[in-house]
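Contents: one structure, followed by commentary.
For the single chain, residues carry numbers from 1 onward in sequence order.
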Amino acid sequence: MCDDDHPTYGTDTGTGLGRRALFVTGAATALTLSGVSFASAADGRTPADGTQTTRTVKGTLPPGAPDFVYVPVEVPQGVREVRVAYTYTKTTVPAGTQNNALDIGVFDERGTALGGEGFRGWSGGARSEFFVRADDATPGYIPGPVRAGTWHIALGPYTVAPAGLPYELTVTLTYGEQGETPKPVYPPSRAKGRGRAWYRGDCHLHSWYSDGKRTPAEIAALARAAGLDFINTSEHNTHASHAHWADQAGDDLLIMLGEEITTRNGHVVALGTDPGTFVDWRYRARDNRFGKYAREVRRAGGLVVPAHPHATCIGCNWKFGFGEADAVEVWNGPYTPDDEVSLADWDNTLVASARGSREWIPAMGNSDAHRDPDRVGGPQTVVLADDLTREAIQAGIKAGRSYVAESKNVELTFTASGSRGEHAGIGERLAVDPDAPVTVRLEVRGAPGCTLHLVTDQGTLFTAPALPDSGAGSAEWHTTAAYAAYVRAEVRHAPAVPGLPGALAAFTNPVFLGA
């Protein structure tokens with residue numbers, strides 16, 4: 001149905017882009033517009049090498065536009081490169097109202113169906129133009145053959161102002177012989193390691209292959225300086241960086257590959273998937289599709305880690321529930337109030353787990369570093385693993401054998417022991433009778449001025465005085481399984497605001513108490 005009483009999504013500029021109206025009936029809805037045509041030569045011959053043809057199309061997306069708007073582009077035979085540039089207009093908006101923001105990506109002739117068979121790249125709002133050809137592509141996009149057929153520019157109206165979102169697309173095709181697509185080389189799935197030991201990592205990082213500003217080389221150098229043993233790549237909605245990390249790996253640094261699956265209802269880190277794995281993001285919680293893609297992550301050897309679940313940015317708050325989570329990112333970047341909420345919310349889930357009514361979800365922390373001054377390894381997850389391999393690190397994270405520290409300077413030892421020689425560490429269960437005495441011990445290094453806290457299902461039941469300038473100290477507490485279903489440790493700085501908790505310097509996953 002199309003008439004002048006409905007909003008226009010495109011205006012015809014003599015390039016084949018028509019107008020089309022839409023009734024929005026679903027959550028992650030999509031609309032495909034009329035196509036952009038590039039006429040072939042009248043005599044049927046392919047234009048000479050280097051010949052370029054350009055089409056420009058314009059449109060306006062109204063408030064309530066679908067999550068994804070696809071603009072078809074008919075690509076003829078003999079094209080060597082597809083290049084797209086776009087602009088959109090920010091308008092004057094009432095106070096408290098979001099202004100326009102428009103993301104962009106592209107799918108090739110294989111189509112836009114969920115699953116991403118035709119996916120060729122996504123840059124979100126990080127770039128105003130991109131190109132794709134066989135031998136190269138803009139960071140965030142996938143090199144490969146430019147085949148004839150219907151390609152689709154994917155527009156993602158992230159926010160739309162009340163007056164609408166005017167946009168303009170310029171599509172340029174360059175003709176000529178295609179280059180050779182490079183064979184991808186990926187980093188190895190193991191590093192030298194130290195056998196069973198504590199390894200430090202940061203599993204949420206962004207390079208210039210999505211909306212970060214750093215190169216892989218710069219990130220790897222910062223990771224080594226931060227004392228990290230492993231990292232995980234996590235570009236927004238693209239796996240384009242996977243083939244660009246091999247040169248940065250080494251005996252001292254394990255580089256795992258993943259993606260930050262950035263939906264309109266929250267972000268989730270695919271941690272340590274097989275090289276070249278792409279996971280689709282084009283759904284909302286009400287679409288009941290997340291379980292399928294969470295299983296896809298696990299089939300590709302990865303872990304499912306909801307990121308910054310209580311972040312306040314639009315679309316960042318996690319709405320899919322935690323039934324598919326292998327771990328949850330409780331601490332994201334510099335410690336802020338939304339991290340405090342995430343920590344408390346995660347702690348609430350431990351109560352049911354303590355009594356065995358459901359599996360517990362381990363917590364982790366990552367930097368989510370994008371650019372200076374974002375600190376790689378701030379925070380970092382410290383994992384007890386059998387070796388420095390992808391599988392061993394993932395096993396340690398999934399088992400909760402880990403703690404989170406603000407930097408390499410902070411080291412923790414946290415244990416619980418019974419009177420008969422029973423012993424359990426972080427992420428484990430101390431099997432003792434309900435009234436049997438339990439000794440909990442926390443040792444800390446590298447946290448000057450911080451206080452030590454022991455938290456149970458009843459809340460914080462023990463607080464030690466501030467550590468001396470050396471940053472080293474310990475605390476010991478006696479309890480029973482009847483009194484505390486679990487115990488975990490927090491190391492906190494002095495409060496910046498009296499009456500509020502100080503920022504975390506470190507925290508542990510719990511030790512569960514009882515048979």
Side-chain angles (χ1 to χ4, degrees), residues 201-205 232-234 236-237 256-274 277 279-281 283-311 315-333 338-368 379 381 383 385 390-391 393-404 426-428 486 488 507-510 512:
D202 188 348
C203 294
H204 189 165
L205 293 161
N232 178 74
T233 72
S234 54
H236 292 285
N237 295 344
M256 298 185 290
L257 304 174
E259 178 186 338
E260 184 174 5
I261 305 162
T262 307
T263 80
R264 295 302 181 90
N265 283 165
H267 303 184
V268 57
V269 172
L271 196 164
T273 51
D274 294 335
T277 297
V279 184
D280 216 316
W281 73 94
Y283 42 83
R284 291 194 182 196
R286 73 174 75 170
D287 298 328
N288 198 30
R289 288 180 175 135
F290 175 67
K292 172 184 176 180
Y293 292 103
R295 291 188 291 274
E296 185 175 305
V297 170
R298 283 192 281 270
R299 281 196 298 271
L303 299 182
V304 177
V305 184
H308 45 65
H310 289 279
C316 295
N317 196 274
W318 184 250
K319 298 183 183 298
F320 292 93
F322 295 94
E324 296 286 352
D326 296 306
V328 58
E329 185 185 77
V330 167
W331 184 354
N332 174 277
D338 60 279
D339 297 307
E340 188 72 27
V341 173
S342 294
L343 180 68
D345 192 40
W346 167 73
D347 183 84
N348 292 340
T349 69
L350 297 178
V351 176
S353 305
R355 297 309 181 192
S357 61
R358 67 178 67 174
E359 292 292 325
W360 72 286
I361 304 172
M364 65 184 308
N366 302 299
S367 73
D368 199 1
T381 300
V383 183
R390 178 178 76 157
E391 293 79 8
I393 293 296
Q394 289 174 319
I397 291 171
K398 191 171 182 179
R401 298 193 303 266
S402 62
Y403 66 88
V404 181
I426 298 170
E428 298 177 337
Y486 62 86
R488 61 179 185 83
F507 77 93
T508 73
N509 276 300
F512 292 97

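Arg390 places none of its side-chain heavy atoms less than 4.5 Å from the side chain of Asn232. Residues Ile261 and Val297 are in side-chain contact: their nearest non-hydrogen atoms beyond the backbone lie under 4.5 Å apart. Here the side chains of Val404 and Val330 are not in contact, with every heavy-atom distance at 4.5 Å or above. Annotation: side chain of Val328 is in contact with side chain of Pro309 (closest heavy-atom distance under 4.5 Å).
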* How far apart are the C-alpha atoms of Phe322 and Thr349, what are their side-chain angles, what is the distance that settles it, and do they pass the side-chain contact (heavy atoms from CB on, under 4.5 Å) test? -> CA-CA 10 Å; Phe322 295 94; Thr349 69; 5.8 Å; no
* To do: Give the intermediate values and the outcome of side-chain contact (heavy atoms from CB on, under 4.5 Å) for residues Leu257 and Thr277.
  => CA-CA 9 Å; Leu257 304 174; Thr277 297; over 6 Å; no
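A donor-acceptor pair is defined here as one N or O able to donate and one able to accept, closer than 3.5 Å; no such pair exists between the side chain of Arg264 and the backbone of Arg284. Checking side-chain atoms of Asn509 against main-chain N and O of Arg401 turns up no donor-acceptor pair under 3.5 Å. In terms of modelled atom types and a separation under 3.5 Å, the side chain of Ser367 and the main chain of Pro379 share no donor-acceptor contact. The backbone N or O of Glu324 lies less than 3.5 Å from a partner atom in the side chain of Arg298, making a donor-acceptor pair. Not one N or O on the side chain of Trp281 forms a donor-acceptor pair closer than 3.5 Å with the backbone of Tyr283. Between the side chain of Thr381 and the main chain of Gly201, no donor-acceptor pair closer than 3.5 Å is present. The main-chain N or O of His308 is never found under 3.5 Å from a side-chain atom of Asn332 such that the two would form a donor-acceptor pair.
Summarising the geometry, atom CG belonging to Asp280 is positioned 8.0 Å from atom CD belonging to Glu296; distances are rounded to the nearest 0.5 Å. Atoms CD1 and OG, on Ile361 and Ser353 in that order, are 7.0 Å from each other to the nearest 0.5 Å. The line from CG of Leu271 to OG1 of Thr233 is 9.5 Å long, rounded to the nearest 0.5 Å. Taking SG of Cys203 as the reference point, atom CD1 of Ile397 lies at 4.5 Å (rounded to 0.5 Å).
Thr262 is linked by a side-chain contact (heavy atoms from CB on, under 4.5 Å) to His236, Asn237, Glu260, His267, counting only residues two or more places apart in sequence or in another chain. With sequence neighbours excluded, the residues that form a side-chain contact (heavy atoms from CB on, under 4.5 Å) with Thr508 are Tyr403, Leu412, Phe414, Ile426, Arg488, Ala489. Under the rule for a ring-ring contact (aromatic ring centres under 6.0 Å, His included), the partners of Phe290 that lie at least two apart in sequence or sit in another chain are Trp318, Phe320.
With a 6.0 Å radius and a threshold of 12 heavy atoms from other residues, nucleotides or ligands, Asp274 has its CG atom above the threshold.
Closest approach of Val269 to His204, counting heavy atoms only: CG2-ND1, 3.9 Å. For the pair Pro306 and Val268, the tightest heavy-atom approach, listed with the atom from each and the gap, is N-CG2, 3.6 Å. Of all heavy-atom pairs spanning Cys316 and Ala311, the tightest one is CB-CB, 3.8 Å.
When each of Glu359, Lys398, Met364 is checked for a side chain to side chain contact (heavy atoms under 4.5 Å, CB included) with Asp326, only Lys398 meets the rule.
For Phe512 and Trp360, the ring centers sit closer than 6.0 Å to each other.
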